[in-house]
Asks: 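Quick one: the structure is below, and I'll ask about it shortly.
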Amino acid sequence: MRKLIQEDPHNASVYFLIFGFARTYVMLYEDQEVSPQFAEDNQKLMLSYLTILDEALKKGDAANLYQALNRVVNEYENSKKVF
């Protein structure tokens with residue numbers, strides 16, 4: 001993600017958000033055993049966020065990307081916040 005931030009500064013906020021989610025997950029659970037169901041549930045959640053952002057990036061429109069970022073942030077805020 002850091003490389004993408006450097007190479008694509010116009011979309012740095014997307015990469016930074018994804019990087020933050022992934023980094024937080026690793027920091028919180030790297031020294032803990034997690035159940036397969038927990039890991040799978042969080043994988044699905046992260047993939048849902050990635051899908052939203054990927055679709056907006058493919059449109060290449062700043063307004064759509066901004067809306068997608070807001071959608072992901074709002075969905076995250078209304079989630080269990082496990083990462």
Asks: Not counting sequence neighbours, list each pair that qualifies as a side-chain hydrogen bond (donor to acceptor under 3.5 Å, both in side chains) and has a residue in residues 15-34.
Replies: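 For residues 15-34: Asp8-Tyr15.
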
Asks: Could you tell me which residues satisfy salt bridge (Lys or Arg N to Asp or Glu O under 4.0 Å) with Glu40, sequence neighbours excluded, listed by chain and number?
Replies: Lys44

Asks: With rounding to the nearest 0.5 angstrom, report the CD1 to OG distance, Ile5 to Ser13.
Replies: 9.0 Å

Asks: Roughly how far, to the nearest 0.5 Å, is the CG atom of Asn42 from the CZ atom of Phe21?
Replies: 11.5 Å

Asks: Applying side-chain hydrogen bond (donor to acceptor under 3.5 Å, both in side chains) as the test, list every pair that has at least one member in residues 61-72; sequence neighbours left out.
Replies: Arg71-Glu75

Asks: List the residues meeting salt bridge (Lys or Arg N to Asp or Glu O under 4.0 Å) with Lys80, not counting sequence neighbours, and say none if there are none.
Replies: none

Asks: With sequence neighbours left out, write down each residue that passes side chain to side chain donor-acceptor pair (under 3.5 Å) with Lys81, or none if nothing qualifies.
Replies: none

Asks: Can you measure from CG (Leu50) to CG (Leu45) and round to the nearest 0.5 angstrom?
Replies: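 Answer for the CG-CG pair, Leu50 versus Leu45, is 9.5 Å.
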
Asks: Between Tyr49 and Leu17, does the side-chain contact (heavy atoms from CB on, under 4.5 Å) criterion hold? Intermediate values first, please.
Replies: CA-CA 10 Å; Tyr49 296 157; Leu17 183 64; over 6 Å; no

Asks: Quick check: closest heavy atoms across Val82 and Leu28, and the distance to 0.1 Å?
Replies: O-CD1, 3.6 Å

